[in-house]
Chemist: 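Let me give you the structure first, and then I'll get to my questions.
Both ligands and their constituent atoms are indexed starting at 1 by order of listing. Nothing fancy with the numbering, it's 1 onward along the sequence.
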Amino acid sequence: MGHRLDDVSAPARLAGPDEAISTEELVLAARNHGIPLEALRYDVTPPGLHYVLTHYDIPYAERSSWQIALGGRVRQPLLLGMDELRAYPAVTERVTLECAGNGRALLTPRPVSQPWLVEAVGTAEWTGVPLRVLLAEAGVAPDAVEVVFTGADHGVERGVEQDYQRALPLDVALGAKPEVLVAYEMNGAPLPPQHGHPVRLVVPGWYGMAHVKWLREITVTDTPFTGFQQAVAYRLRQQSGDEGEPVTRIAPRALLIPPGFPDFMSRTRVVRPGAVTLEGRAWSGRAPVTGVEVSCDGGGTWHAADLDPEDGHRWAWRRWRFAWAATPGHHVLSARATDAEGHTQPLDQRWNRGGFANNLVQRVPVLCLDPDDTA
Ligand SMILES: Nc1nc2c(c(=O)[nH]1)N[C@H]1C(S)=C(S)[C@@H](COP(=O)(O)O)O[C@H]1N2
Ligand SMILES: [Mo]
């Protein structure tokens, strides 16, 4: 007994009312690490501190023999090695990447999957060839509707054996603002193995699942893609039978750089009374962030924070600051971002079965010491 994929690959489920994080979730959490929130200080995240999410295994990939096959509904299929890819004019973009499941482990009931709190985010300078340049060279057929991207990683998920695959609508794939990149450098160096070595897709403004790593095939299709990661996973559903809306662009979010210093075990932040500068980052993949507000009383009252200008990096997070006069006692700090389309962050969870695109306002408990307490 037990020789079928169904026997090792469970359906999606929700945690029970008091069910703690399981060993299975812990295994995922140990492989797929988040950004340490103090690293929100860097404009560009140092590569080892950028969050990582990989559904299956990180493939072993040799740069010298890697090839990308671009085919399907095109006039002239292309087969490109890494040197050929590098011969095209390169474009660099600073992009904030966030996993669609960020915030999932804070939801009630908790969707059982990679148990992110709020740390599934990072910002990198990605260098590569604009996808539209490669598509133009291959010549997209008039009946094309989507472009499917295939990674070299292989696994099984909810009983379905698969290569990791995702598609983009043709207009997004051909877009120049922003450029979708076939990227081979991260922060000026070759991609590290965990971020897609030697080449990945980067889709500015979209949640992480669209940025296919270890890219080996680009296929132009005349029908909408119905693969697992498109039609089954990454959809906003209330019930498992729903067709659901696809997950696409990043909803606005603001996070705090943890103030003061942490307690080792509880991670509670400790500050001394007086002026404390609160700082953090804010981003949205839908429209530019127009404002960040801060609350120091658990969401009761909100005050405008100072937001740094966009500075030519539309698809990267922006820094914000707020001067807090800390008084002794327990406090809950929060920040919330709003974008130019009026999207903002809810104070109460907006729940869906996958825990996707969740941008519930962060709550940071802080203990402010008495003036004479040296801790
Ligand atoms: N081939 C492949 N690409 C992938 C994935 C994957 O498992 N396989 N995970 C996706 C998801 S869900 C996310 S959030 C991002 C994470 O990118 P990073 O690990 O470089 O931060 O990669 C995406 N691209
Ligand atoms: Mo993700």
Chemist: Is the closest side-chain donor-acceptor distance between Thr123 and Thr45 under 3.5 Å?
Modeler: no
Chemist: Pairing donors with acceptors under 3.5 angstrom, does anything connect the side chains of Gln165 and Glu217?
Modeler: no
Chemist: Among all protein non-hydrogen atoms, which one is nearest to atom 12 (S) of ligand 1, and what is the separation to 0.1 Å?
Modeler: Tyr234 OH, 2.9 Å
Chemist: Could you name the option among Gln194, Lys213, His154, Met209 that has the heavy atom nearest to atom 19 (O) of ligand 1?
Modeler: Lys213
Chemist: Can you tell me the protein heavy atom closest to atom 7 (O) of ligand 1 and the distance?
Modeler: His55 N, 2.8 Å
Chemist: Using heavy atoms and a threshold below 4.0 Å, how should the contact between His50 and ligand 1 be classified: side chain, backbone, both, or neither?
Modeler: side chain
Chemist: What is the closest protein heavy atom to atom 9 (N) of ligand 1, and at what distance does it sit?
Modeler: Leu53 O, 3.3 Å
Chemist: At under 4.0 Å between heavy atoms, is it the side chain or the backbone of Trp126 that contacts ligand 1, or both, or neither?
Modeler: neither
Chemist: Might you work through the salt bridge (charged side-chain N to carboxylate O under 4.0 Å, His left out) test for Asp242 and Arg353, ending with a clear yes or no?
Modeler: CA-CA 10 Å; Asp242 295 351; Arg353 271 197 71 97; over 6 Å; no
Chemist: I need the atoms of ligand 1 closer than 4.0 Å to a non-hydrogen atom of Trp214, numbered in the order shown.
Modeler: 1 (N), 2 (C), 8 (N)
Chemist: What are the atoms of ligand 1, with element, lying closer than 4.0 Å to any heavy atom of Leu97?
Modeler: 17 (O), 21 (O)
Chemist: If you define the side chain from C-beta out and look only at heavy atoms, does anything of Met186 sit under 4.5 Å from Trp126?
Modeler: yes
Chemist: Distance to 0.1 Å, residue and atom name: give those for the protein heavy atom nearest to atom 10 (C) of ligand 1.
Modeler: Tyr164 OH, 3.6 Å
Chemist: Can you tell me the protein heavy atom closest to atom 1 (N) of ligand 1 and the distance?
Modeler: Asp153 OD1, 2.8 Å
Chemist: List in chain and number order the residues that pass ring-ring contact (aromatic ring centres under 6.0 Å, His included) with Tyr207, two or more places apart in sequence or in another chain; answer none if no residue qualifies.
Modeler: none
Chemist: Identify the closest protein heavy atom to atom 16 (C) of ligand 1: which residue and atom is it, and at what distance?
Modeler: Tyr51 OH, 3.5 Å
Chemist: For the residue pair His50 and His195, categorise the inter-ring angle as parallel (less than 30°), tilted (30 to 60°) or perpendicular (more than 60°).
Modeler: perpendicular
Chemist: For the atom pair CZ (Arg314) and OG (Ser284), what is the distance rounded to the nearest 0.5 Å?
Modeler: 6.0 Å
Chemist: What are the atoms of ligand 1, with element, lying closer than 4.0 Å to any heavy atom of Thr54?
Modeler: 7 (O)
Chemist: Given Arg200, His211, His195, which has its nearest heavy atom closest to atom 17 (O) of ligand 1?
Modeler: Arg200
Chemist: List every atom of ligand 1 that sits less than 4.0 Å from any heavy atom of Val52, numbering the atoms from 1 in the order shown and giving each element.
Modeler: 19 (O), 21 (O)
Chemist: Where does the angle between the aromatic ring planes of Phe356 and Tyr234 fall among parallel (under 30°), tilted (30 to 60°) and perpendicular (over 60°)?
Modeler: tilted
Chemist: Which residue, Asp153, Ile68, Asp163, forms the side-chain contact (heavy atoms from CB on, under 4.5 Å) with Arg216?
Modeler: Asp163
Chemist: Could you establish whether Tyr207 and ligand 1 come within less than 4.0 Å of each other, counting only heavy atoms on the residue side?
Modeler: no
Chemist: Are a donor atom and an acceptor atom from the side chains of Glu98 and Tyr51 found within less than 3.5 Å of each other?
Modeler: no
Chemist: Taking the minimum heavy-atom distance to atom 23 (C) of ligand 1, which of Gly208, Gly122, Cys99, Pro47 ranks first?
Modeler: Gly208
